Each structure stands twice: as C-alpha cells, then as structure tokens.
Undergrad: 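One structure follows; several queries about it will come next.
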Amino acid sequence: MHWGVGLVSSRSCVVDLSRNQSFSLCWCIGSEDNYSFYGDIVAFPLQDYGGVMSGLGSDSWWKKTLYLTGGALLAAAAYLLHELLAIRKEQEIDSKDAIILHQFSRPNNGVPSLSPFCLKMETYLRMADLPYQNYFDGKLSPQGKMPWIEYNHTRVSGTEFIIDFLEEKLGVNLNKNLNPHERAVSRAVTKMVEEHFYWTLAYCQWVDNLHETQKMISIPGPLSDLLKWILCHLTKGIVKREMYGQGIGRFSEEEIYKLMEKDMRSLAGLLGDKKYLMGPKFSTLDATVFGHLAQAMWTLPGTRPERLIKGELINLAMYCERIRRKFWPEWHDDNDNTLYETDDSGEDSKTHTPLQDFSFYSRTGTFDDEGTENSISQTPDTDFTGHSLFDSDLEMDDFTDHEQCK
C-alpha cells in the first residue's frame with residue numbers, strides 16, 4: 001500500500017509534502033508578506049481499494065452499483081433544483097397594469113395552496129375584485145418570500161405590504177366599513193393568526209402529518225416520489241429549526257396542540273354567529289383567517305385540528321365553506337354533503353373544473369355582496385330563494401345531527 005504525507009494546519013489548509021517538496025503560500029491576495037504557520041504532519045493512504053473490493057465481491061459490479069447510485073442521487077438533486085428554483089428559461093411577463101401573483105404550485109388534492117399566506121393573498125384579490133394572473137415559477141422574492149406580486153414592473157413581497165401597496169395604487173380597501181376599534185381588533189387577531197397559530201399549523205402539516213402532506217404535493221416527472229420525499233424532509237427540517245427559533249418549537253407536541261386549540265377557540269368565539277369575523281361584510285381579516293383555517297379544514301385529514309373544526313367548532317367550518325363557495329366557485333370539495341348542495345344541484349353541476357394555473361380572474365358581474373332588495377341573485381352559496389345556506393341563522397343543531405349521522 002502506498003502512503004502520502006501532508007501538513008494539516010489550523011488555517012484550513014493541507015499541503016501534500018510527498019509531492020510538493022517546496023512551496024510558497026500567501027494568505028492575503030496582493031500581500032507579499034511572508035507568513036509562518038504551524039500544523040501536524042499526517043500520513044494517509046493513497047487510493048488502493050482493491051483489497052476492500054475483493055472482499056465485497058466483484059470489483060466491476062461494486063463500482064457499477066456505486067456509480068449508478070451516485071448518478072441517480074445527483075440526477076434527482078439536479079432535477080429538484082430545476083423544478084424548485086426554476087432554473088430554466090423564464091417566460092416574458094408583462095406586468096403593465098396587471099397584477100402578477102407569484103406563488104407555489106397547486107397541490108393535487110384540489111386545494112388552491114398548501115401555504116396559508118398564498119391562499120390568503122389570492123383570496124384577498126378575489127374579495128377586492130382585482131384581476132390577477134397566477135405565475136407558478138417557484139421563484140422566491142428578493143427577500144426570500146412567497147407569495148409576491150409584480151405590478152407595473154414593481155415587485156412587492158409580504159402579504160401585509162402587498163395589501164398596503166394595492167390599497168395605495170388601486171384605491172381598494174376591504175376595511176372601509178370598520179371603525180378604529182374594529183381595525184385595532186382586526187390587526188391584533190391578524191398577528192395572533194400569522195405569528196402564532198400559523199406555527200402550530202406548520203408543525204401539524206410539515207412535522208406531525210408529513211406523510212399525508214407529501215401525498216398532496218404535485219411534482220411532475222419520473223422521479224416525482226423521490227423528489228417529493230426530499231422536498232418534504234427538507235421542509236420539515238426548516239420548519240423545526242424556525243419553530244425553535246420562534247420559541248413555539250421548544251414545547252412538546254401536546255403543548256403545541258394545546259396552543260393551537262386555544263387559538264382556534266378564540267377565533268370561534270370572535271366569529272360567534274356572525275357571517276364574517278367583523279360583522280355582515282367581509283374584510284381583510286377574513287382573507288387572513290380563511291387562508292389558515294382552510295389548511296385545517298381541507299389539508300390535514302384525520303388530525304386534531306380537522307376534528308376540532310368539523311366537530312366542536314362547527315361555526316368555523318361553516319365560515320370556511322361560506323367563503324370557499326362565494327369566492328372560489330371552481331374549487332370543489334369531494335366531501336361535500338347534501339346539506340351544502342343547492343336545490344338545483346344535479347350531476348352536471350357536480351362536474352369538477354380544475355383550478356387554472358395561468359389565468360386572469362375577476363368576479364365582476366358574478367357576485368354582488370351588497371345585493372338589492374328587489375332582486376334575487378343566486379350564487380354558489382345560496383338556494384333558489386336567494387337565502388344563504390351558510391348565514392348565521394342556519395340551525396347549528398341540525399348541522400351537528402347531520403354530521404353525527406354520517
């Protein structure tokens with residue numbers, strides 16, 4: 001066996017003395033000062049793995065297996081980077097007088113997004129009746145945020161700043177009917193949801209219920225299962241690390257779920273029997289809360305938050321259904337029951353139309369939240385009389401009895 005000799009220094013340097021008998025080294029570019037350094041003389045075997053390979057069997061078979069395995073892993077990593085970081089030719093985007101919404105790709109379970117903030121932002125745009133175009137390029141904003149928008153070649157990230165920007169540029173305001181006290185309550189609840197409740201959802205989604213979340217992710221290609229596994233476990237590590245830094249990740253699983261339940265009960269108490277959180281008219285807070293509660297409602301099957309929202313806190317489930325049917329007419333729930341169907345629901349009306357990846361959306365001329373006294377407008381959340389199936393006067397006992405009979 002052949003051996004090499006080298007010098008290991010504390011300056012992260014190894015010099016092979018067996019091949020370089022003399023050398024000169026400068027640590028700083030442009031400096032001609034001579035530096036002395038200290039280290040340890042080490043000996044290391046040169047590549048000679050014949051004995052090991054013969055012990056494992058055929059030398060060529062082992063090497064081929066090793067090469068194939070390494071090549072497959074490298075190919076998977078390259079493909080994952082290609083898909084997630086969008087290392088491909090970018091399409092031309094003309095954001096002149098158009099809102100371009102960058103967000104994560106649609107999952108395959110029919111829900112618009114597994115991200116509470118992406119769902120919040122898209123729901124807000126629909127509530128504000130602002131036409132927009134989705135762009136699923138997987139590219140984060142310069143601040144590392146998702147979602148983010150482009151408008152007239154201006155980029156804005158962070159849902160709060162995006163909403164402020166749109167209010168200033170386009171004059172929209174979903175909170176115009178709120179008084180100063182209600183605005184203060186709305187902001188306080190927003191921070192509870194986004195800075196506290198969100199982390200408990202992330203734990204349930206990406207740590208405790210990772211296997212189910214992995215099934216919902218949509219990644220095309222022959223290595224989709226492997227790529228989804230890699231993506232989910234990378235996300236799991238990121239979520240656990242960020243939760244620990246935030247503080248909530250330092251608690252046990254049971255304690256995290258107790259915090260989640262307290263937040264959900266607070267939201268249920270605030271909603272009560274009202275149509276929306278702040279009264280009869282929707283506001284920005286409703287987009288925020290819906291984006292988060294929708295995860296518990298439709299993306300966490302069999303988990304504690306789903307059982308809670310569809311059981312004891314049924315008013316939150318009806319609230320989510322109310323918003324989904326009003327602002328997401330193309331979003332169908334496979335678990336819809338007869339109580340949620342309109343009287344004219346037939347086989348044709350149950351045909352599912354998939355959520356569009358690239359499209360402009362506007363609800364102008366489709367829904368009128370104000371309504372008129374002398375006209376009846378039938379929408380996806382009303383029956384033939386124009387009465388909302390999800391109004392606050394719907395009997396809770398009847399709904400609970402129906403759920404128990406299922």
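We count residues from 1, following the sequence as given. Computed from a predicted model, the values in this text were never measured in an experiment.
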Undergrad: Counting C-beta onward and ignoring hydrogens, is there a side-chain heavy-atom pair between Gln214 and Asn209 closer than 4.5 Å?
TA: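 No - every pair of side-chain heavy atoms lies 4.5 Å or more apart.
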
Undergrad: Taking Leu174's backbone N and O only, do any of them form a donor-acceptor pair with Ser283's side chain (distance below 3.5 Å, no angle check)?
TA: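 Such a contact is absent between Ser283 side chain and Leu174 backbone.
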
Undergrad: Can you tell me how far the NZ atom of Lys120 sits from the CG atom of Asp286, to the nearest 0.5 Å?
TA: 12.0 Å

Undergrad: Under 4.0 Å between a side-chain nitrogen and a carboxylate oxygen: does that hold for Arg307 and Glu261?
TA: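 No, no charged N to carboxylate O under 4.0 Å.
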
Undergrad: Only counting residues at least two apart or in another chain, list the ones meeting side-chain hydrogen bond (donor to acceptor under 3.5 Å, both in side chains) with Tyr124.
TA: none

Undergrad: Between Phe327 and Phe290, does the ring centre distance come in under 6.0 Å?
TA: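 No, the ring centres sit 6.0 Å or more apart.
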
Undergrad: Using a strict cut-off of less than 4.0 Å between a Lys/Arg side-chain nitrogen and an Asp/Glu carboxylate oxygen, indicate whether Arg324 and Glu321 qualify as a salt bridge.
TA: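 Judged by the 4.0 Å cut-off on N to carboxylate O distance, Arg324 and Glu321 do form a salt bridge.
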
Undergrad: Does the ring of Trp148 carry Arg155 above it, NZ/CZ under 6.0 angstrom from centre and within 45° of its axis?
TA: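 No, Arg155 does not sit over the ring of Trp148.
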
Undergrad: Less than 6.0 angstrom separating the ring centers of Tyr198 and Phe117, yes or no?
TA: yes

Undergrad: With heavy-atom distances below 4.5 Å as the criterion, would you say the side chains of Tyr257 and Pro305 are in contact?
TA: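 Yes. Closest side-chain heavy atoms under 4.5 Å.
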
Undergrad: If you round to the nearest 0.5 Å, how far is CH2 of Trp199 from CD of Glu242?
TA: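 Rounded to the nearest 0.5 Å, the CD-CH2 separation comes out at 4.5 Å.
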
Undergrad: Could you tell me the separation between the OH atom of Tyr132 and the CG atom of Leu125, rounded to the nearest 0.5 Å?
TA: 6.5 Å

Undergrad: Take Phe165 and Thr154, measure what side-chain contact (heavy atoms from CB on, under 4.5 Å) needs, and give me the verdict at the end.
TA: CA-CA 10 Å; Phe165 173 82; Thr154 300; 4.0 Å; yes

Undergrad: Is there a donor-acceptor pair under 3.5 Å between the side chain of Gln246 and the backbone N or O of Glu195?
TA: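 Looks like yes, one N/O pair under 3.5 Å.
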
Undergrad: May I ask you to decide if Val172's main-chain N or O and Lys176's side chain share a donor-acceptor pair within less than 3.5 Å?
TA: no

Undergrad: Do Asn134 and Glu122 have a side chain donor and acceptor closer than 3.5 Å?
TA: yes

Undergrad: Starting from the C-alpha separation in whole Å, work towards a yes-or-no answer on side-chain contact (heavy atoms from CB on, under 4.5 Å) for Leu201 and His292.
TA: CA-CA 8 Å; Leu201 282 174; His292 289 73; 3.9 Å; yes

Undergrad: So how far is it from Leu293 CG to Trp298 CH2, rounded to the nearest 0.5 Å?
TA: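 It comes to 9.0 Å.
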
Undergrad: Would you say the rings of Phe136 and His102 are close, in the sense that their centroids are separated by under 6.0 Å?
TA: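 No, ring centres 6.0 Å or more apart.
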
Undergrad: Could you grab the distance from atom CD1 of Ile162 to atom OG of Ser141, nearest 0.5 Å is fine?
TA: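 Those atoms lie 8.5 Å apart.
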
Undergrad: Run the side-chain contact (heavy atoms from CB on, under 4.5 Å) test on Met192 and Phe197 for me, step by step, so that the C-alpha distance in whole Å, both residues' side-chain angles and the decisive distance to 0.1 Å come before the verdict.
TA: CA-CA 6 Å; Met192 179 196 76; Phe197 181 52; 5.5 Å; no

Undergrad: Whether the Ser157 and Gln143 side chains hold a donor-acceptor pair (N or O, under 3.5 Å, no angle test) is what I'd like checked.
TA: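 Judged by distance alone, the side chains do pair up.
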
Undergrad: Which atom names give the shortest non-hydrogen contact between Gln295 and Ser113, and what distance separates them?
TA: NE2-O, 3.3 Å

Undergrad: Could you tell me the separation between the CG atom of Leu166 and the CD1 atom of Ile149, rounded to the nearest 0.5 Å?
TA: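 Leu166 atom CG to Ile149 atom CD1 measures 4.5 Å (nearest 0.5 Å).
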
Undergrad: Quick one: salt bridge (Lys or Arg N to Asp or Glu O under 4.0 Å) pairs with a partner in residues 209-224, sequence neighbours left out?
TA: Glu212-Lys215

Undergrad: Short question: side chain of Asn315, backbone of Gly272 - any donor-acceptor pair under 3.5 Å?
TA: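 Confirmed, Asn315 side chain pairs with Gly272 backbone.
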
Undergrad: Which residues satisfy the side-chain hydrogen bond (donor to acceptor under 3.5 Å, both in side chains) test with Asp263, sequence neighbours excluded?
TA: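 His196.
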
Undergrad: Name each donor-acceptor pair under 3.5 Å that joins a side chain in residues 181-191 to protein atoms two or more places apart or in another chain, with its distance.
TA:
{"from": "Glu182", "atom 1": "OE1", "to": "Asn179", "atom 2": "N", "distance (Å)": "3.0"}
{"from": "Arg183", "atom 1": "NE", "to": "Leu178", "atom 2": "O", "distance (Å)": "3.2"}
{"from": "Arg183", "atom 1": "NH2", "to": "Asn175", "atom 2": "O", "distance (Å)": "2.8"}
{"from": "Arg187", "atom 1": "NH1", "to": "Glu160", "atom 2": "OE2", "distance (Å)": "2.9"}
{"from": "Thr190", "atom 1": "OG1", "to": "Ser186", "atom 2": "O", "distance (Å)": "2.8"}
{"from": "Lys191", "atom 1": "NZ", "to": "Glu160", "atom 2": "OE1", "distance (Å)": "3.4"}

Undergrad: Any side-chain donor-acceptor pair under 3.5 Å between Thr303 and Glu306?
TA: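 Their side chains do not contain a donor-acceptor pair, so the 3.5 Å distance test is not met.
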
Undergrad: A side-chain contact here means heavy atoms from C-beta on lying under 4.5 Å apart; do Trp206 and Ile238 qualify?
TA: no

Undergrad: With heavy-atom distances below 4.5 Å as the criterion, would you say the side chains of Glu312 and Arg265 are in contact?
TA: yes

Undergrad: Taking the basic N atoms (NZ, or NE/NH1/NH2) and the acidic carboxylate oxygens, is any pair closer than 4.0 Å for Arg304 and Glu254?
TA: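 Yes.
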
Undergrad: Please report the C-alpha distance between Leu114 and Phe104 in whole Å, then the side-chain angles of each, then the deciding distance to 0.1 Å, and finally whether the side-chain contact (heavy atoms from CB on, under 4.5 Å) criterion is met.
TA: CA-CA 8 Å; Leu114 295 178; Phe104 296 115; over 6 Å; no

Undergrad: Give me the atom names and distance for the closest heavy-atom approach of Phe251 to Glu255.
TA: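 Minimum heavy-atom contact is CB-OE1, 3.3 Å.
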
Undergrad: Is it true that the side chains of Tyr276 and Arg322 contain a donor and an acceptor less than 3.5 Å apart?
TA: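 Looking only at side-chain atoms, Arg322 and Tyr276 do not form any donor-acceptor pair under 3.5 Å.
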
Undergrad: List for me each residue that meets side-chain hydrogen bond (donor to acceptor under 3.5 Å, both in side chains) alongside Thr200, sequence neighbours excluded, and say none if there are none.
TA: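 side-chain hydrogen bond (donor to acceptor under 3.5 Å, both in side chains) check on Thr200 returns nothing, list empty.
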
Undergrad: Mind checking whether Leu231 and Ile217 have side chains closer than 4.5 Å, heavy atoms only?
TA: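 The answer is yes; the side chains approach within 4.5 Å.
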
Undergrad: For Lys169, what residues pass the side-chain hydrogen bond (donor to acceptor under 3.5 Å, both in side chains) criterion, not counting sequence neighbours?
TA: none

Undergrad: Looking only at atom types and distance, does a side-chain atom of Lys274 sit under 3.5 Å from a main-chain N or O of Leu271, one as donor and one as acceptor?
TA: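 Between the backbone of Leu271 and the side chain of Lys274 there is a qualifying donor-acceptor contact (under 3.5 Å).
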
Undergrad: Can you confirm whether Pro147 sits close enough to Thr159 that some side-chain heavy atom of one is under 4.5 Å from a side-chain heavy atom of the other?
TA: yes

Undergrad: A side-chain contact here means heavy atoms from C-beta on lying under 4.5 Å apart; do Lys281 and Lys275 qualify?
TA: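 A side-chain contact under 4.5 Å is absent here.
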
Undergrad: Any side-chain heavy atom of Thr123 sitting closer than 4.5 Å to one from Leu119?
TA: yes

